[in-house]
There are 2 protein chains.
Amino acid sequence: MGRVPDPVRYAEPGSVELTVTIKDVARDAAVSIATASRALNRTDLVAPQTRDRVREAAARLHYTPHGGARSLITRRTHTIGVLLPDLYGEFFSEVMRGIDQTAQRAGFQCIVSSARHSGPTLEAALRAMRGRVDGLVLMSPEFTRELSTRTLPAGFPVVLLNCPPSETPHDSLNIENYDGAYSMVRHLAGLGHHRIAILTGAAGNFDAAERLRGYRAALLDAGLPSPAELVVAGDFSEAAGEAGARQLLQLAERPTAIFAANDGMAIGALLALREAGLRVPEDIAIGGFDDIPMARYVDPALTSVHVDISALGERAVAALLSVLGHPARREFTRETAATTLVVRRSCGARKAESVPPVRPSAARSSPWREVV
Amino acid sequence: MGRVPDPVRYAEPGSVELTVTIKDVARDAAVSIATASRALNRTDLVAPQTRDRVREAAARLHYTPHGGARSLITRRTHTIGVLLPDLYGEFFSEVMRGIDQTAQRAGFQCIVSSARHSGPTLEAALRAMRGRVDGLVLMSPEFTRELSTRTLPAGFPVVLLNCPPSETPHDSLNIENYDGAYSMVRHLAGLGHHRIAILTGAAGNFDAAERLRGYRAALLDAGLPSPAELVVAGDFSEAAGEAGARQLLQLAERPTAIFAANDGMAIGALLALREAGLRVPEDIAIGGFDDIPMARYVDPALTSVHVDISALGERAVAALLSVLGHPARREFTRETAATTLVVRRSCGARKAESVPPVRPSAARSSPWREVV
DNA sequence: TTGTAGGCGTTATCAA
DNA sequence: TTGATAACGCCTACAA
């Protein structure tokens, strides 16, 4: 409640006149406001000549409808709200790309905000979107049902991206974190590694937890031990990758392979190892997750779990747009994006290749799986 | 004029009731709407007990003010519009980061759109923001005065980013393209290169033109020839960098150094050269522009003209916010962001270093120069 | 085919 | 301290 603190001093209202309203157009075309509105929108309901007169007046005056006012009565803004943990970095940037493209194609604008954690910031961001957006794409790995009911009007169209699955009444989209991590670790084990470490994502983060789960399962299935010392806590940042790798190098018995829960950390680890004078993959193999564009360019090129990141954004918007058509419906979809292991130099496999997903049996025409 | 084509079918209005308005709060708290509004905003004008009653009611009902409606009367949206050529890629991503952070800190939201070229898309995007934003950060290297007057209300607060300087009545922010390019080429010449090629940016792009100008000037000052065959047209894309490099390799007499007008193309060139079996920098030296994060990670690490990209976004928003305070004023500022040459392996200099800007004489406390 | 009038949710003005 | 009432810019019954 209340307004955000406002450090900006606005000029006195009226000091500049810069708005041309439909009133001006109407006057200029010598018609009523209603007719002007019709001429601009539902052109079939107005005489051709008056229509032309109005549109000409509008053009001459550089009239542009006031979006806010219009949406007040039409109940639609043609805008979707996008809330991501961050707006920068290759991952989010790619997501945004997919979101923006799809939205734009459908004639929608995007209001974007970033809020890393649940809490006041996230809540404020959500509130600020009230009345400005038709629906929401929300990526918040710490999103809770509680927050949902407290902040969002019941029935408000929302698509959850990479959020922990809960009983939240929203559509959701997730990455196949478990499978992806599993296949990476299985691959490393298959290369003969027995001491495989993991740099985990942020604590409390759903994706992070799932990837860790996949790591553990793969080790188990490969009959490998999984000592606690090989599980190093990270937070998806490059700095955490560096720190984590350094920590692993302190061990009495070093790991021979490191699985970083995302590419950012993998790259950080790469730097730390290089600095320590170790060769990748000869001395230590490395694998990442997400396959951000940079993965191809680092040296050595990074083996990673490929996710079609921009497609994630695309899909989220598509889902949202379809919800906008039927806000009354009461079932919610839950989709999962398949991953692919992309083998490059950093893991030490003899040659680069692209490995099929963990469960090739589930023949898929698309990488999208409908879970519920 | 007219509305955007709308492929989305909305549900029948009224099919779901999801709006709690101030009316509901007022009723619940047994006060008039006016009092409810006051209790929520200017709490000092209302009796403490009624204030509490109202706020409690608002909390209980999960009331959130309708931004659109509010801004209709307050004439302020607490939102800035951001229009970039693209939303993805490291450069734009970094710009967005600076923009978002600064806006958020000031309690502003961002509506973002991408429109690569002037034209219908850009115009539509601008129109769609009418009535939704208090001001605009506009990055469009093809922006024209004509477009400005046609699309924007006179006096509308706009900050131009990387736009060609024109008589447009707006504040503007530019990169020191000329100086940056000049120092890069001078550096290459200083390393003994006599045949220095350039991969240019997109035709019609202001930044591209300026960088080309700096390249030419540096060659001239170094007493080097500048044959037309060494100027290869690009468009800032990685693909163009690859193609351009390949084209240069076809020459009877190859260049010994390539200056790519941005890092994306430099990286593309790197790939092409690697593929052709050439070593960088031993066989051919390479330099880029922008110093995007990836520049540090490619192999060999890329020598580039460093620009504090996110600071560009920061600064743009800061400028806009300050304009919001004084829309009536009639002078417009024009700032330029200084660059720094960052020497890494790709240019073949003996050791990496950071070279001061071209005109160190102009002692600056900040990298920002006020031009007018 | 056009105009009048009401209302979307909010804040601002002015009496009371 | 509070409550009517009038905007804000626009759209849309309903009536003419």
Side-chain angles (χ1 to χ4, degrees), chain A residues 1-3 6 10 12-14 17-27 29-54 58 61 63-78 127-132 134 153, chain B residues 1-3 6 10 13-14 17-27 29-54 58 61 63-78 127-128 130-132 134 153:
Chain A
M1 238 68 28
R3 40 171 58 147
D6 181 3
Y10 284 84
E12 294 309 307
E17 203 56 52
L18 35 73
T19 39
V20 177
T21 77
I22 199 171
K23 228 178 199 163
D24 301 309
V25 176
R27 184 175 343 105
V31 293
S32 73
I33 297 181
T35 303
S37 173
R38 276 188 293 252
L40 296 172
N41 299 321
R42 322 212 13 211
T43 67
D44 50 314
L45 294 181
V46 66
Q49 48 179 359
T50 32
R51 167 168 53 72
D52 293 345
R53 199 149 33 93
V54 170
L61 299 177
Y63 168 71
T64 306
H66 186 292
R70 173 184 266 177
S71 68
L72 196 54
I73 182 128
T74 60
R75 302 338 221 106
R76 61 199 63 169
T77 62
H78 277 278
R127 301 202 103 98
M129 293 195 179
R130 160 83 211 280
R132 301 185 182 288
D134 291 337
Chain B
M1 238 66 25
R3 38 172 58 149
D6 181 1
Y10 284 84
E17 204 56 52
L18 37 73
T19 41
V20 176
T21 77
I22 198 170
K23 228 174 195 164
D24 302 310
V25 176
R27 183 175 344 105
V31 293
S32 73
I33 298 181
T35 302
S37 174
R38 274 188 296 251
L40 264 20
N41 300 320
R42 322 218 9 217
T43 67
D44 50 315
L45 295 180
V46 66
Q49 47 179 358
T50 31
R51 168 169 50 74
D52 293 345
R53 198 146 36 91
V54 171
L61 299 178
Y63 168 70
T64 307
H66 186 292
R70 172 184 267 177
S71 67
L72 195 54
I73 182 114
T74 60
R75 311 321 233 107
R76 61 200 63 172
T77 62
H78 277 278
R127 301 201 104 98
R130 159 84 209 282
R132 301 185 182 286
D134 291 337

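Quick note on labels: first sequence line is chain A, next is B, and so on, each numbered from 1. Please read these numbers as outputs of a predicted model, since none were measured by experiment.
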* Atom NZ in A/Lys23, atom OH in A/Tyr63: separation rounded to 0.5 Å? ->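 Taking NZ in A/Lys23 and OH in A/Tyr63, the distance rounds to 12.0 Å.
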If I take atom [atom1] in residue [X] and atom [atom2] in nucleotide [N], what distance separates them, rounded to the nearest angstrom?
| X | N | atom1 | atom2 | value |
| --- | --- | --- | --- | --- |
| A/Arg76 | D/dC10 | CZ | C1' | 14 Å |
| A/Arg42 | C/dT2 | CZ | P | 15 Å |
| A/Ile22 | D/dT12 | CD1 | C1' | 12 Å |
| A/Ile33 | D/dA13 | CD1 | P | 17 Å |
| B/His66 | D/dG9 | NE2 | C1' | 13 Å |
| B/Leu40 | C/dT10 | CG | P | 9 Å |
| A/Lys23 | C/dG3 | NZ | P | 16 Å |
| B/Arg53 | D/dT2 | CZ | P | 8 Å |

* Does A/Arg38 get its side chain close enough to the base of C/dG3, under 3.5 Å, for a donor-acceptor pair? -> yes
Would one find a side-chain N or O of [X] under 4.0 angstrom from OP1 or OP2 of [N]?
| X | N | value |
| --- | --- | --- |
| A/Arg70 | D/dG9 | no |
| B/Arg75 | D/dG9 | yes |
| A/Ser37 | D/dC10 | no |
| B/Ser32 | D/dG3 | yes |
| A/Thr35 | C/dG3 | yes |

Would you say the side-chain atoms of [X] pair up with the backbone N or O of [Y], donor to acceptor, closer than 3.5 Å?
| X | Y | value |
| --- | --- | --- |
| A/Thr19 | A/Thr21 | no |
| A/Arg53 | A/Val31 | no |
| A/Arg38 | A/Val46 | no |

* To do: Let me know, please, whether B/Thr50 or B/Leu72 comes out on the 5' side of the other along DNA chain D by nearest nucleotide.
  => B/Thr50
* Specify the residue among B/Gln49 and B/Ile73 whose closest nucleotide of DNA chain D lies further upstream toward the 5′ end. =>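 Result of the comparison: B/Gln49.
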* Structure fact -> With sequence neighbours left out, the residues meeting side-chain contact (heavy atoms from CB on, under 4.5 Å) with B/Ser37 are B/Ile22, B/Asn41
* Check every strand shown and say whether B/Ala47 touches a base, only sugar-phosphate, or nothing at a heavy-atom separation below 4.0 Å. =>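 Touches sugar-phosphate only.
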* Asked: What does A/Thr21 touch in the nucleic acid at a heavy-atom separation under 4.0 angstrom: a base, only the sugar-phosphate, or nothing?
  -> sugar-phosphate
